[in-house]
Trainee: 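Sharing a structure below in structure tokens format, with a few things to ask.
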Amino acid sequence: MADGLSATPERAAEMDWEAAARILADATKGADDGEIFAEDTRAESFYWDDGRLKSASFDATQGFGLRVVAGERAGYGHASVLETEAVSRAAEAAVAVKSGHDGALDVSPARVNRQLYADFDPIEAPSFTDKTNLLAKIDAYCRAKDPRVVQVAATLSGARRGLTILRPDGLKLTDHRPLVRVNVSITVERDGRRESGSAGAGGREPYEVFIAPDRWKRLADEALRIALVNLDAEPAPAGEMDVVLGPGWPGVLLHEAVGHGLEGDFNRKGTSAFSGMIGQRVAAPGVTVVDDGTLENRRGSLTIDDEGTPTQRTVLIEDGILKGYLQDRLNARLTGVAPTGSGRRESYAHRPMPRMTNTFMTAGDKDPKEIVASLKRGVYAVNFGGGQVDITSGKFVFQCTEAYFVEDGKIKYPIKGATLIGDGPSALTRVTMVGNDLELDEGVGTCGKAGQSVPVGVGQPTLYITGLTVGGT
């Protein structure tokens, strides 16, 4: 295959990338940036429900995208065949963006020697039978734990994404990205009332890490615990009140309500609630927010981003002061700053844009028990489901999947149907206590933006926030 392309890093040296490099170099003459992004992805998933395997799927995807950047415009062509002729056709489509533009190519990213995750293929091990048997074991274990269990759903998924990024100067960068996840959802029933709970875990480690008996049993126990808590839950109160957020996964509120507003494209265009505020106070003292793509084996981590830039630890807010934004190459160049390794895309068929990796608030100095005890009347929110945010205003709405009513510092009873309503910029200024118990989520986050989905991580310590609106039933 002398005239072909391969996205698999191991086979890249066998292919003729010289032809692709010549096409890309010609296509980007007079442009500001560009690259070829090629990938070869294998993915599988298993879904167990109602006592049997409901579905098992396998997908193999390969293709490339060729991008030419001129100013703030980008021409893009992509194909699902890794052939030189297809690269030529993609270049013909992408170069139209250069019309009337005379630029100078931006410098390529620096190489990085680190590797944040091992190279393995989750699809190869364990065997198909072992994976389906595991789901059956999870089902049997959950049903044996409590007679109120009426339904168990369990999923197992894994993927390996091999990619090659070719720059106009001939620099070629490769990465291999494994990703696995296991999830358990349980429905319980008592006196005709049904409630559910779920728990999951994942990351860029082999299946064996997450399907060891002690790990999956812990997830099953947690899902059952949440379901039984909700079975005793009373309708949530409504009104403005103080809220304590638990550690770990509740950081998804931070991700949605604040994180998206700190992405470079929204701020360059002036559409974020945080636009033009670098150096200004945007949060209470003691609030520090970080995006870190360099944490080993984490779901949101990347050795390099989807433009080839090494990921990094980016301090977005420090002690309440806005320090910077998340930048891909295009928005960094247009605003005169360095990229932060935040250029991400769902697949070869998508253009990159600034996105989060692992976003979290750092720990404070308060004992979590002290924080809850200081709540006179309000809600202690431990887990969240879905949420929505408006980037321009920062307004958010989040559904609580596990929450409690607290009065005089005492947890009174679990509540159901609670939603938290507020806006990100205001909520950050109302943080009065930050716990010393920073936790990252278990590795289940997926972030959507402009029709693209990518894996992410979230986290935070226990937080006390004054004056949020609680919507009840």
Side-chain angles (χ1 to χ4, degrees), residues 47-52 54 135-156 181-202 215-239 241 243-253 256 372 375 378-388 397-407 410-421 439 441-446 458 462 468-473:
Y47 175 54
W48 183 282
D49 188 25
D50 199 24
R52 58 193 175 93
K54 279 287 185 71
L135 296 176
K137 289 179 182 177
I138 292 175
D139 180 270
Y141 175 83
C142 295
R143 294 179 186 277
K145 287 282 291 186
D146 196 293
R148 290 167 290 185
V149 174
V150 294
Q151 186 173 10
V152 178
T155 59
L156 198 63
R181 175 175 172 173
V182 58
N183 196 82
V184 181
S185 179
I186 296 176
T187 300
V188 295
E189 182 177 16
R190 183 185 62 199
D191 299 330
R193 174 177 172 176
R194 290 194 173 198
E195 299 290 347
S196 299
S198 64
R215 191 69 179 271
W216 66 256
K217 286 181 180 179
R218 180 165 63 84
L219 294 176
D221 291 345
E222 177 67 1
L224 178 59
R225 183 194 68 80
I226 296 173
L228 293 177
V229 165
N230 288 327
L231 199 59
D232 292 325
E234 300 181 19
M241 60 189 75
V243 174
V244 172
L245 303 180
W249 177 248
V252 68
L253 188 150
E256 294 288 357
V372 175
L375 185 58
V379 170
Y380 177 34
V382 179
N383 271 305
F384 286 109
Q388 295 179 327
V397 178
F398 275 87
Q399 300 169 337
C400 300
T401 55
E402 182 186 358
Y404 302 85
F405 180 70
V406 177
E407 194 169 37
K410 305 289 186 182
I411 295 177
K412 293 296 186 179
Y413 51 84
I415 56 178
K416 65 173 296 184
T419 59
L420 301 185
I421 304 167
E439 291 182 15
D441 77 291
E442 291 277 7
V444 297
T446 298
V458 301
T462 299
L468 287 182
T469 299
V470 177
T473 53

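FYI, side chains are in, hydrogens and waters are out, and symmetry mates aren't considered; it's all heavy atoms of this structure.
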Trainee: For residues Val470 and Thr419, determine if any side-chain heavy atom of one lies less than 4.5 Å from a side-chain heavy atom of the other.
Mentor: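 No. Closest side-chain heavy atoms not under 4.5 Å.
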Trainee: Out of curiosity, Tyr380 OH to Leu375 CG, how far, rounded to the nearest 0.5 Å?
Mentor: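 Between Tyr380 OH and Leu375 CG, I get 10.5 Å after rounding to 0.5 Å.
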Trainee: Which value, rounded to the nearest 0.5 Å, describes the distance between Lys416 atom NZ and Glu195 atom CD?
Mentor: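 The distance works out to 3.5 Å.
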Trainee: Heavy atoms, side chains only, cut-off 4.5 Å: are Glu222 and Glu442 in contact?
Mentor: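 A side-chain contact is absent here, since even the closest heavy-atom pair is not under 4.5 Å.
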Trainee: Is any side-chain heavy atom of Trp249 less than 4.5 Å from a side-chain heavy atom of Val444?
Mentor: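 They are in side-chain contact.
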Trainee: List the atom pairs, donor and acceptor, that lie under 3.5 Å between side-chain atoms in residues 226-233 and the rest of the protein, sequence neighbours left out.
Mentor:
from: Asn230; atom 1: ND2; to: Ser196; atom 2: O; distance (Å): 3.2
from: Asn230; atom 1: ND2; to: Ile226; atom 2: O; distance (Å): 3.3
from: Asn230; atom 1: ND2; to: Thr401; atom 2: O; distance (Å): 3.2
from: Asp232; atom 1: OD1; to: Arg190; atom 2: NH1; distance (Å): 3.0
from: Asp232; atom 1: OD1; to: Arg190; atom 2: NH2; distance (Å): 2.9

Trainee: When rounded to the nearest 0.5 angstrom, what distance separates NZ in Lys137 from CH2 in Trp216?
Mentor: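 Rounded to the nearest 0.5 Å, the NZ-CH2 separation comes to 7.5 Å.
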Trainee: What closest approach, in Å, do Gly417 and Ala236 show between heavy atoms, and which atom pair accounts for it?
Mentor: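 Nearest heavy atoms, Gly417 then Ala236: C-CB, 4.2 Å.
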Trainee: Just verifying a value: how many Å separate Gln151 CD and Asp49 CG, rounded to the nearest 0.5 Å?
Mentor: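 Gln151 CD to Asp49 CG: 4.5 Å, rounded to 0.5 Å.
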Trainee: How about Lys410: does its NZ atom have over 12 heavy atoms from other parts shown lying under 6.0 Å from it?
Mentor: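 Open: at most 12 neighbouring heavy atoms sit under 6.0 Å from NZ of Lys410.
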Trainee: I'd like to know whether Val188 forms a side chain to side chain contact (heavy atoms under 4.5 Å, CB included) with Asp146, so could you lay out the CA-CA distance, the side-chain angles of the two residues, the decisive distance to 0.1 Å, and finally the verdict.
Mentor: CA-CA 9 Å; Val188 295; Asp146 196 293; 5.7 Å; no
Trainee: Could you report the tightest heavy-atom contact between Cys142 and Ala220, atom names first, then the distance?
Mentor: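 It is SG-CB, 3.6 Å.
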Trainee: Should Leu245 and Leu420 be marked as a side chain to side chain contact (heavy atoms under 4.5 Å, CB included) after you check the CA-CA gap, both sets of side-chain angles, and the distance that decides it?
Mentor: CA-CA 11 Å; Leu245 303 180; Leu420 301 185; 3.8 Å; yes
Trainee: Could you grab the distance from atom CD of Glu402 to atom CD1 of Ile415, nearest 0.5 Å is fine?
Mentor: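 Glu402 atom CD to Ile415 atom CD1 measures 10.5 Å (nearest 0.5 Å).
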Trainee: Compare all side-chain heavy atoms of Trp48 with those of Asp139 and state whether any distance is below 4.5 angstrom.
Mentor: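 Of all side-chain heavy-atom pairs linking Asp139 with Trp48, at least one is under 4.5 Å.
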Trainee: Nearest heavy-atom pair of Cys400 and Ala403: which atoms, and what distance?
Mentor: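 Distance-wise, the nearest heavy atoms are CB-CB, 3.9 Å.
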Trainee: Taking atom types as modelled, is there a side-chain donor on Tyr47 or Asn183 under 3.5 Å from an acceptor on the other?
Mentor: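 Looking only at side-chain atoms, Asn183 and Tyr47 do not form any donor-acceptor pair under 3.5 Å.
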Trainee: Can you tell me how far the CD1 atom of Ile186 sits from the CZ atom of Arg143, to the nearest 0.5 Å?
Mentor: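 Here the interatomic distance stands at 9.5 Å.
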Trainee: Kindly indicate whether the side chain of Glu234, heavy atoms from C-beta on, has any atom under 4.5 Å from the side chain of Phe405.
Mentor: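 Counting from C-beta outward, Glu234 and Phe405 never come under 4.5 Å.
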Trainee: Between Val406 and Val372, which heavy-atom pair has the shortest distance, and what is it?
Mentor: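 Val406 and Val372 have their closest heavy atoms at CG1-O, 4.2 Å.
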